[in-house]
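So the structure is just underneath, and the comments pick up after that.
Nothing here was measured: the structure is a model prediction, and the numbers come from that model. Worth knowing before you read on, the calculation uses all heavy atoms, side chains too, and leaves out hydrogens, waters and symmetry mates.
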Amino acid sequence: MKLNGLTGYRQLLRVFVIGCIAAAGVLIGPEARAQALQLSGIVIDGKDPIPGVRVREHGKPDFVLTDSEGRFTLNIIEDPVQHYAVTAGKEGWLNGGVMVDPKTSYTTIVLQKVPEEKDDAYNFITPHKSLVDLREDPEELERLRTQSHTGFEEGCNLCHFEPTCYLCHRDLYDQWSTSQHAKGVTNPWTLNLYDGTDAEGNENVGPGFRLDFPDEAGECADCHAPSAAVQAPGHTDLKVVYNRSLAYPTVQDYKTLERMEYEKLAGSVDAAGIHCDFCHKIQHVEVNDHAGVNGSITLNLVAMEEERQARLIKGKFPPIFVYGPYDDVINFTPLPGSVNTSPMVASYNPQYTSSDYCSACHQHKNKHGLPFMDTYREWKESPYSAMGIECQDCHMEPDSDGFTFGSFVNGDAEKFWTPIGYRDPTTVKTHGFPGATEELLPNAATLAIDAVVSGGLLTVTVDVRNVNTGHHIPSGITIRNMLLLVTPVLANGDTLRYVGDQRVPSYGGEGDLAEGNYAGYPGKGFALVFGDDAGNTHVMDWQATRIVEDTRIKAREADRSVYSFEVPSDVDRVDIHTDLIYRRAFKPLADLKKWTQKDMAVASDVTTVRPVGQLEVSTPSKGLSLRDRLRSYFD
């Protein structure tokens, strides 16, 4: 077990306590549960009771709902030896709670509604380690010390004048920073498709939205740079957002107060793409065909100036309002005996665990009614939706190591308000948002091969089944594609002559095989192909007026294709190699844009057939790579 600082101490303490309980023979069983401590109480708004509030012991998996009179009764399973936190949360209200003495049997929790006053001049908080060091500004430091009668009891505020996400959620930040969400603005492929450049910066190369619509900004920024597009939905230039980030990048270290103000004016935070503060300001997502902030997302940029000033006077961290999936994120520490205050003021929002939330940017159509992105609808019509399996269950799957990810608060925040206990690790979602990656793709589909030799012909039937993907495969923007390659190999490494009709389409790439061009090879392509009114095919989403073909495989469904090869009479064994590979872009488009892409393996199979028709699974008769087998075919 890896132990670091305070986190390591807490892990050891937790293991030690559990071990002592087990050694004493008092592990919780049915009889012990019957004697659990019972706490009753009421949740009010200061005057009237609030029904339907989720009440729980902080960090525990079970909760109860208040009745029509705001009353609740909560069983505290683990008999506390000191004060413990009981929390309450409901959609539309700020999470709240109280510290309870173990001898207390009744308590009152007061909740406040989410403030209605909006901050029209709100500055989004950078997710990065970007901290103001007021020691470089002694006059401002002295002013704040004078204003604070407590002399900054939370001393980190001297250096961390404006808390950032990195400060308190380091593990989640590290996960997010490697995700495609973090690269929403800076992804070079996105920029190349937006402004019509290639990977080397050459202009007017291949498709580009601004080449087709030079006088329109388009909707790209509504999802890729949402905090910038809030001010002008449907009219925010993604390249301008990117250029601003180059001129005034966020300093990811200590900086002066003056630099912080420059970054606010420049909108430097917008270069962080789909970042923490934006996502956790989403009050509601309406499932429709609009893009992001341009008709789907409703933000709530809550003004908390009164709370900010009250905290400043006390020398406490300024407040940060957020929505999230937890009803027990509270702004006071659940650590007994501590009076420190978290900057986070949270409100429970159940939509954060629903696929509806993801629909904001994973379902919308172009002006001709064709899908720019249709992943949400694919999921909605799949068995996964009916089974209650949400997008977050796969793309934010909790880490199995509960000691590492059993708490979503770490970094500097641990010194203030992280409880000794840990959450159920299955409730702590990771924030890497993996999609079509080498991590997930090998589990996405399976191959089933049936091969028979008869009358001098080898007939190979291939079933490709979408087994573990909650939407079509491939999905996302329409340049995504998969290729199925079927290669029968003899003992000497030669391949059989193909006499069938099913072949890899042109988007598999035409040209030198060594460069990954598989068009015409025995196999099949899986993709959504668009066309326009001029008869062109493989056009981009914004150009599309019609669907040419859609060969993608729906969730839990299969595709079958058949391949025929001539078999010489003296052959007694053929090894049939079947490979399913995924590409992030059509090969001709990638070549035109000078993109480098890797063929990612989804599934592979080797089946051996003998002239008598007997099938067996084997290893290749010669250790040939995929490229060598294909080259043998063309040779």
Side-chain angles (χ1 to χ4, degrees), residues 445 447-454 456-466 472-474 478-490 493-531 535-539 547-553 558-568 574-592 597 599-607 609 624-635:
L447 297 173
I449 313 300
D450 180 76
V452 176
V453 175
S454 178
L457 285 180
L458 167 65
T459 302
V460 181
T461 302
V462 182
D463 288 335
V464 181
R465 181 170 294 277
N466 181 349
H472 294 6
I473 182 171
T478 56
I479 62 175
R480 310 296 190 217
N481 63 102
M482 287 194 311
L483 301 179
L484 175 66
L485 307 173
V486 181
T487 314
V489 181
L490 302 179
D494 290 342
T495 56
L496 298 180
R497 179 173 178 269
Y498 185 55
V499 293
D501 297 324
Q502 185 74 60
R503 297 179 182 272
V504 173
S506 61
Y507 59 74
E510 297 177 339
D512 189 353
L513 176 69
E515 296 179 359
N517 296 297
Y518 301 139
Y521 196 81
K524 187 174 182 179
F526 302 92
L528 171 62
V529 178
F530 280 150
N536 299 308
T537 61
H538 298 92
V539 302
I547 294 176
V548 176
E549 66 174 13
D550 187 356
T551 55
R552 299 173 301 164
I553 308 174
D559 173 85
R560 172 169 291 183
S561 51
V562 180
Y563 306 88
S564 298
F565 302 87
E566 289 185 350
V567 181
V574 181
D575 292 328
I576 305 163
H577 297 257
T578 310
D579 298 275
L580 184 65
I581 62 175
Y582 177 92
R583 286 176 167 176
R584 295 181 61 81
F586 294 132
K587 185 63 165 53
L589 176 63
D591 291 345
L592 185 62
Q597 67 173 335
D599 289 349
M600 291 183 279
V602 180
S604 63
D605 178 88
V606 180
T607 297
V609 63
L624 300 176
S625 67
L626 170 62
R627 185 60 53 81
D628 288 337
R629 296 197 305 272
L630 301 183
R631 183 177 297 281
S632 174
Y633 172 80
F634 281 106
D635 290 343

So F526 and V464, do their side chains get closer than 4.5 Å, heavy atoms only? yes
Looking at side-chain heavy atoms only, is the closest gap between V574 and L496 below 4.5 Å? yes
Heavy-atom nearest pair, N466 first then I553, reads ND2-O, 3.2 Å
Please list, chain by chain and in numerical order, all residues satisfying salt bridge (charged side-chain N to carboxylate O under 4.0 Å, His left out) with E566, sequence neighbours excluded. R497
Heavy-atom closest pair, residues S506 and E510: CB-OE2, 3.8 Å
Determine the minimum heavy-atom distance between R584 and R480, stating which atoms define it. O-NH1, 2.7 Å
Who passes salt bridge (charged side-chain N to carboxylate O under 4.0 Å, His left out) against R465, sequence neighbours left out? none
Among residues at least two apart in sequence or on other chains, which ones pass side-chain hydrogen bond (donor to acceptor under 3.5 Å, both in side chains) with S561? Y563
L458 versus V460: any side-chain heavy-atom pair under 4.5 Å? yes
Hey, what do you get for OH (Y518) to CG (L483), rounding to the nearest 0.5 Å? 8.5 Å
Taken to the nearest 0.5 Å, the spacing of M482 CE from D599 CG works out to 13.0 Å
Can you confirm whether R560 sits close enough to T461 that some side-chain heavy atom of one is under 4.5 Å from a side-chain heavy atom of the other? yes
Taking all non-hydrogen atoms of both residues, which atom of A445 and which atom of L580 are closest, and how far apart? CB-CD2, 4.0 Å
Flag the pair D559 and K524 as a salt bridge only when some basic side-chain nitrogen lies within less than 4.0 angstrom of an acidic carboxylate oxygen. yes
Output the distance between atom CG (N481) and atom CZ (R583), rounded to the nearest 0.5 Å. 7.0 Å
V529 and D550: CA distance, side-chain angles, deciding distance, side-chain contact (heavy atoms from CB on, under 4.5 Å) verdict: CA-CA 6 Å; V529 178; D550 187 356; over 6 Å; no
What's the shortest heavy-atom distance between D579 and S604, and which atoms? OD1-CB, 3.6 Å
Counting C-beta onward and ignoring hydrogens, is there a side-chain heavy-atom pair between P488 and Y498 closer than 4.5 Å? no
Would T495 and T487 satisfy side-chain contact (heavy atoms from CB on, under 4.5 Å), going step by step from the backbone distance to the final call? CA-CA 7 Å; T495 56; T487 314; 3.8 Å; yes
Mind running side-chain contact (heavy atoms from CB on, under 4.5 Å) on V562 and T459 for me, showing each step along the way? CA-CA 7 Å; V562 180; T459 302; 3.7 Å; yes
Is there side-chain contact between I576 and V609, with at least one heavy-atom pair below 4.5 Å? yes
Would you call L485 and T578 a side-chain contact if the rule is heavy atoms closer than 4.5 Å? no
Between Y507 and I479, is the side-chain contact (heavy atoms from CB on, under 4.5 Å) condition met? List the steps. CA-CA 10 Å; Y507 59 74; I479 62 175; over 6 Å; no
Output the distance between atom CD1 (I547) and atom OG1 (T537), rounded to the nearest 0.5 Å. 14.0 Å
Is N517 close to D591 at the side-chain level, that is, under 4.5 Å between some pair of heavy atoms? yes
Shortest non-hydrogen contact from A585 to A590? CB-CB, 4.4 Å
For the aromatic rings, using the six-membered ring if either is Trp, is the centroid distance between H538 and F586 under 6.0 Å? yes
Atom NE2 in H577, atom CG in D575: separation rounded to 0.5 Å? 5.0 Å
